[in-house]
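First the structure, in the form of structure tokens, and then the observations on it.
Fair warning: this is a prediction, and the values are worked out from it, not measured in the lab.
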Amino acid sequence: MKVVIVGGVAGGATAAARLRRLDEQAEIVVFERSGYVSYANCGLPYYIGGVIEDPEELTLQTPESFFSRFRVEMKVRHEVTAIHPDRKTVSVKKLETGEEFEERYDRLILSPGAKPTQPRLPGVGLEKLFTLRTVEDTFRIKEYISAHRPKSAVLAGGGFIGLELAENLRELGMEVTVVQRPRQLMNPFDPDMASFIHGEMRRHGVKLALGHTVEGFAEKDGGVDVLLKDEQPLHADMVILAIGVTPDTGLAKDAGLELGIKGSIVVNDRMETSVSDIYAVGDAVQVKHFVTGQKALISLAGPANKQGRIAADNICGGDSRYRGSQGSSVIKVFDLTAAVTGVNETNAGKAGLDVESVVLSPMSHAGYYPGGKVMTMKVVFERESYRLLGAQIVGYEGVDKRIDVLAAAIHAGLTAIQLKDLDLAYAPPYSSAKDPVNMAGFMVENLAEGVVKQFRLEDIQNLPRDGSVTLLDARTAGEYAQGHIGGFVNIPVDELRERLDELDRGKPAYVICQSGLRSYIACRILAGNGFDCYNFSGGFRFYDAVMNDRRLIETATACGMDQ
């Protein structure tokens, strides 16, 4: 059996190695048009910033090491230019010489990945305009910075690559501005949770121009003007496009393979395309979202590697199935860690799901052990069934392990209430006896059983200030004095029982504290004394962060720049 693989990075390299482990006799040929195979895409921004110093660290394998270990022919700088399913061959061009030839296959795996989205805008292609996708792109940017010492950069796009680049360029001492059309960074997060990411970026001097549409680029004064719709241009010494990726599926289209959303390759759960003996994996394929069941494009290394393994299994006679992508991911944003899994509240609503969420601010480990830091968690679930749909966490320590627990819980089909039952490891330096994941489960259980009712950020502005409801802040007088929501009166929770006569039992009570814990206790006191009470989800800390971010974005929209 001869297997030809188009693309030698995550999915293609994984498929090649798995094929060899399952079939020692198979002939395996990989064509990769770049000069590198099995390289770490996610490490590229960190090489530009000098965190990774040796460029060889970016390549997990070389063609030589791959052949030595697996006897797989890794042909770099070879571009597959056409697929001929009728005669089971591919046309290949050797880029160094221009030589062209056809290669026969019994099975074909397409792993072409995705390419940086190149908008059709004036000025695209300027010398000082870069994209980042391959090792060669990385070297080009690194060499430009070393040679010209630019003092400023504009990054068009606020996804994973954009944020990682912003951090690394900022660490090099450059002035950095991130501009994009959406009014938030990191779209896998809900806007309220993205507020914490925005705050961390600003604290480290990154300027945000959110809600601005890029209309083109122009050389000016030795640099580049980024032309914005209805705004003054942004000027910088260099510009990097990081506005997303597009499935690289021209070969598949020309060969007559069925295509899906955004031109991606349609595959079944065995990674088989619409054409016999052709498989496809990685960023180029359309997948099923594990939570919503809808068609999705999820460009992440984990799914690509799993899909490569599944394709290889099935080529070798197995019956492996891909169950869908959850979108579990984590990113370092300066000192902050932000992580997400499943579907956020915004997209769950768009998918037609009736959703609810809880927001909590637990410590990363036991409060009595030194060094604990607050994280913000948002857990999203279906309202009637309490099916766990997704989670977002932003914090410093322990974020990654909590998101992995929640990702596993979603995959296992647990309800949000069942999070309370998980038996998770505890020692004071690492967690609390009631882990943050357990705490989320307790909160959902309280909602399900009617122990507490909650109100949310979007409800606050609509609460009447005419005295028909009780608006209560249960923090200390000192906390209240440092900032509070208009209309909320202050009765600290520890004084509440003695001051109940100051409140009208006939009016609904809406209660807030710093994190949601003291206001929950206050609600239990009030409910036990005949009040109809609602607890604010997330606390004043959450409210203040989100509202401050919104004010900054609104000001930036009016003034043209976020400071």
On a heavy-atom basis, which atom in R475 and which in N490 lie closest, and how many Å separate them? O-ND2, 2.9 Å
Flag the pair I485 / I460 as yes when at least one side-chain heavy-atom distance between them is below 4.5 Å, and no otherwise. yes
Between R456 and S357, is the side-chain hydrogen bond (donor to acceptor under 3.5 Å, both in side chains) condition met? List the steps. CA-CA 9 Å; R456 297 162 53 106; S357 67; 2.7 Å; yes
Do Y322 and P303 have side-chain heavy atoms sitting under 4.5 Å apart? yes
Taking the side chain as everything from C-beta on, heavy atoms only, tell me whether E231 gets closer than 4.5 Å to E215. no
M186 and G159 have their tightest heavy-atom pair at SD-C, 3.6 Å
Heavy-atom donor-acceptor pair, T376 side chain to S361 backbone, under 3.5 Å: no
Any heavy-atom pair between the side chains of R505 and N529 that's under 4.5 Å? yes
Given the side-chain rings of Y430 and H365, with only the six-membered ring counted for Trp, is the space between their centroids under 6.0 Å? no
Centroid-centroid distance, F488 to H484, less than 6.0 Å: no
Which pairs count as side chain to side chain donor-acceptor pair (under 3.5 Å) when at least one residue sits in residues 152-169, sequence neighbours excluded? E167-K332
Hey, do the aromatic rings of F290 and H411 have their centres closer than 6.0 Å? yes
Show every donor-acceptor pair shorter than 3.5 Å between a side-chain atom in residues 444-453 and any protein atom, with sequence neighbours excluded, or say none if there are none.
from: N446; atom 1: ND2; to: Y520; atom 2: OH; distance (Å): 3.3
from: K453; atom 1: NZ; to: D532; atom 2: OD1; distance (Å): 2.4
from: K453; atom 1: NZ; to: Y534; atom 2: OH; distance (Å): 3.4

